[in-house]
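Computed from heavy atoms alone, side chains included, the values below leave out hydrogens, waters and symmetry copies.
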Amino acid sequence: MNIITTDWQFAFTREGKNIPFGTAGDCYSAARCPQGRFRINLSGTGFKVAEETSWISQGNYAVADVQKSQGGSRVSGLCGGYCGKCTPSSGSSLPVTVEYI
């Protein structure tokens with residue numbers, strides 16, 4: 001099963017353009033100090049991010065520091081560069097699986 005990262009049905013963007021789910025980036029600096037952040041919290045939903053899911057960095061001087069919780073229900077990322085970002089390696093989908101308790 002996949003979350004479609006570009007589905008804006010239940011999304012809200014305060015200002016600027018829509019950013020795909022699970023993606024972050026910035027154009028702050030080439031000095032490896034990313035400012036873009038994302039968080040995914042599937043706790044209590046019965047789902048978790050699939051174990052094989054990874055993130056890739058794209059752009060100039062791009063940095064991706066992505067941490068998954070042990071059970072996979074939470075993911076946080078600190079990403080950016082001198083216009084860089086990180087995004088799920090699976091493209092416009094984020095694979096999730098059922099969390100067995």
Side-chain angles (χ1 to χ4, degrees):
M1 185 176 349
N2 293 296
I3 294 172
I4 301 168
T5 61
T6 55
D7 181 354
W8 316 118
Q9 179 72 31
F10 302 104
F12 172 76
T13 302
R14 190 175 320 206
E15 60 183 71
K17 64 179 187 170
N18 290 330
I19 304 297
F21 186 73
T23 299
D26 68 35
C27 293
Y28 182 71
S29 173
R32 297 189 59 81
C33 54
Q35 303 295 304
R37 290 172 168 79
F38 75 86
R39 277 192 253 170
I40 298 170
N41 187 346
L42 300 176
S43 299
T45 66
F47 295 103
K48 64 179 183 175
V49 174
E51 288 181 27
E52 68 274 6
T53 302
S54 62
W55 274 255
I56 56 171
S57 55
Q58 299 173 327
N60 297 316
Y61 303 99
V63 175
D65 180 13
V66 178
Q67 307 291 321
K68 277 197 250 185
S69 66
Q70 186 173 0
S73 63
R74 293 184 310 265
V75 181
S76 61
L78 185 59
C79 310
Y82 192 59
C83 289
K85 67 178 180 177
C86 66
T87 188
S89 61
S90 50
S92 62
S93 65
L94 179 68
V96 296
T97 57
V98 175
E99 184 176 34
Y100 295 101
I101 300 173

What closest approach, in Å, do [X] and [Y] show between heavy atoms, and which atom pair accounts for it?
X	Y	answer
Gly80	Pro34	N-CB, 3.4 Å
Ser73	Ser43	OG-OG, 3.4 Å
Cys86	Thr23	O-CG2, 3.2 Å
Gly91	Thr5	O-OG1, 3.9 Å
Ala62	Gly84	CB-CA, 4.1 Å

Evaluation steps, side-chain contact (heavy atoms from CB on, under 4.5 Å), between Val66 and Phe38 = CA-CA 9 Å; Val66 178; Phe38 75 86; 4.2 Å; yes
Does CD in Glu52 sit with more than 12 non-hydrogen atoms of other residues, nucleotides or ligands closer than 6.0 Å?
->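 Yes.
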So does Ile56 have more than 12 non-hydrogen atoms from other groups sitting under 6.0 Å from CD1?
->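 More than 12 within 6.0 Å, yes.
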Do [X] side-chain atoms and [Y] backbone N/O form a donor-acceptor pair below 3.5 Å?
X	Y	result
Trp8	Thr13	no
Asp26	Gln35	yes
Lys68	Glu51	yes

Any side-chain donor paired with an acceptor under 3.5 Å for Ser92 and Thr6?
->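 Note: Ser92 and Thr6 side chains miss the donor-acceptor criterion.
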Co-membership, hydrophobic cluster, residues [X] and [Y], 4.5 Å side-chain:
X	Y	value
Leu78	Trp55	no
Val75	Met1	yes
Tyr28	Tyr82	no

Show your working on side-chain contact (heavy atoms from CB on, under 4.5 Å) between Lys85 and Ile19 and close with a plain yes or no.
-> CA-CA 11 Å; Lys85 67 178 180 177; Ile19 304 297; over 6 Å; no
Check: Glu99 and Leu42 side chains under 4.5 Å, non-hydrogen atoms |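 Leu42 does not reach Glu99 side chain to side chain.
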Can you check side-chain contact (heavy atoms from CB on, under 4.5 Å) on Leu94 and Ile40, steps first, answer last?
-> CA-CA 11 Å; Leu94 179 68; Ile40 298 170; 3.7 Å; yes
